[in-house]
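For reference, the structure discussed in these notes is given below.
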Amino acid sequence: MKREKIVSVLARTEPARGLTVCGWIRTRRDGKDVSFLEINDGSSLKNLQIVVDPGAVGQDLLRRLTTGASVRAVGDLVPSLGAGQRLELRTREVELLGAADPESYPLQKKRHGFEFLRTIAHLRPRTNTFGAVMRVRGELSFAVHEFFQSRGFVPMHTPIITASDCEGAGEMFTVTSLPPDRLAGPDPFAEDFFGKRAYLTVSGQLNAEAAATALAEVYTFGPTFRAENSNTARHLAEFWMIEPEMAFCDIHDDMDLAEAFMKHLVARVLERCADDLAFLDQWVDKTLLATLRNTLESDFVRLDYTEAVEILKRSGRAFEFPVEWGHDLQSEHERHLTEQHFGRPVILTAYPKEIKSFYMRVNDDGRTVAAMDVLVPRIGEIIGGSQREERYDVLTARMAELGLPLEPYSWYLDLLRFGSVPHAGFGMGFERMVMFATGMTNIRDVIPFPRYPGHAEF
RNA sequence: UCCGCAGUAGCUCAGCCGGUAGAGCAGGCGGCUGUUAACCGCCGGGUCGGGGGUUCGAGUCCCUCCUGCGGAGCCA
């Protein structure tokens, strides 16, 4: 079906004859001798006004051109007689592609709550807000690949199914082909498809590290699964994660990359999604554009965990949870630092080793590790990463300390036995980045079909 | 999973000390106008989340379950 996208029609400066557009009707307004259709095809936040002569199309057809119906229209782009738009499409031919019964079509030409829209996730992209969020999400996704590949990173497709239950990043979903009645007994998975218990991945990091010891700079961008019973506006059971991994790289290079990466993503959406961001700034979060510009223009604060604890203790604020060296920072602490104290993104480093993962490189002080978390206003932690421990003896000693068996990690330890290099990487929760870039406050509203406890609809 | 709040028309909500349910928007019909959050008039629309209890009488009080939201934990 030959057509011109509405974004392109709206970008025209001159009248034109014989244009074909397709889209969904957002609203219709009737005059006595004229009707106006606003149609949207998802290529832009903005609608195209189509002027219809009721006599020419007929009352029967006109009556069925209701909110939600899909149409194809052929007409001439002419200067508008009305005030709201520069050009409009005066049609001589309107074809109803698919009607939408106004009695039962759930979307009205009025504002709906996000909770209601979540119950009709298959229709919500037809709203202004979700259309904008999905376009921004798409640009961010593109910008992720653009950033890494322009820097020579090789994209890695790490496994979705994994048999190592040692990734340690959270509760895992079991993958099985066994019927439920065969899941009893001491080791039912010995008879299963993989001959052992398999899971959905919680992180591609360890696999990416293997690739980085050959290709030097790699990244993953794929689905990730956590079976935690998390019921919050910041967690999903299925989400997308970006994990770069670099050989010949220390914690400072890692922080530099994280900051450049964030700024690249923000710059791209500011540049390519101006209409959508202006809409979101007006209706969803009035501080959105200011926050994004601030992110782009400011240097991220870099701070040791120990200094952060001092700042929080000196802040005089009564936190719900007291701040104490050796404890992980709470959401309220992170937000105080990035929102109140500094007012820009903050990268925290040198965390106590007790609260971080086994693979993080132990610092010379022996009590902290080369971890880094990027904290941003409103979201909190958006990136978590570290320099990895590349010293075989130090890592195995640390694993012994934590009571981790070496055998399941033997392939990972091989990376340190053969040509080990200083290396580092981080993980970014893609949906958290979409939240940051759109001002949306619930992570379930920045992914098309959210999966979370009790919900796998659509 | 824990704490708190909520569930009333298609949507967003009001409903006081218990006395048999209301508004705006949406929808239908009619009118008006190159309209644009269109406007004016009329009309239809409800197992008050489910179950149980107290009471002469429950949307309202009590118990319980379900669902949602906010916060927390876990994390990305």
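Given the structure is predicted, the values throughout are model-derived calculations rather than measurements. Quick note on labels: first sequence line is chain A, next is B, and so on, each numbered from 1.
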- Minimum-distance nucleotide to A:Ser331 side chain [options: B:rG27, B:rA72, B:rU35]: B:rA72
- Would you call A:Arg72-A:Glu93 a salt bridge at under 4.0 Å N-O? yes
- Message: Salt bridge or not between A:Glu38 and A:Arg29? Use side-chain N to carboxylate O under 4.0 Å.
- Response: yes
- Using distance alone, with no hydrogens and no angle criterion, decide if A:Arg388 and A:Ser386 have a side-chain donor and acceptor under 3.5 Å apart. yes
Is any side-chain N or O of [X] under 3.5 Å from a base N or O of [N], one able to act as donor and the other as acceptor?
| X | N | answer |
| --- | --- | --- |
| A:Glu88 | B:rG34 | yes |
| A:Ser230 | B:rC74 | yes |
| A:His112 | B:rC11 | no |
| A:Glu115 | B:rU67 | no |

- Item | Side-chain N or O of A:Arg226 closer than 4.0 Å to phosphate OP1/OP2 of B:rC75 | no
- Is there a donor-acceptor contact under 3.5 Å from the side chain of A:Lys286 to the main chain of A:Gln282? yes
- Quick one: label A:Leu236 by what it contacts on the DNA or RNA (base, sugar-phosphate, nothing), any heavy atom closer than 4.0 Å. base
- So what's B:rG70 paired with, Watson-Crick or G-U wobble, going by both distances under 3.5 Å? B:rC3
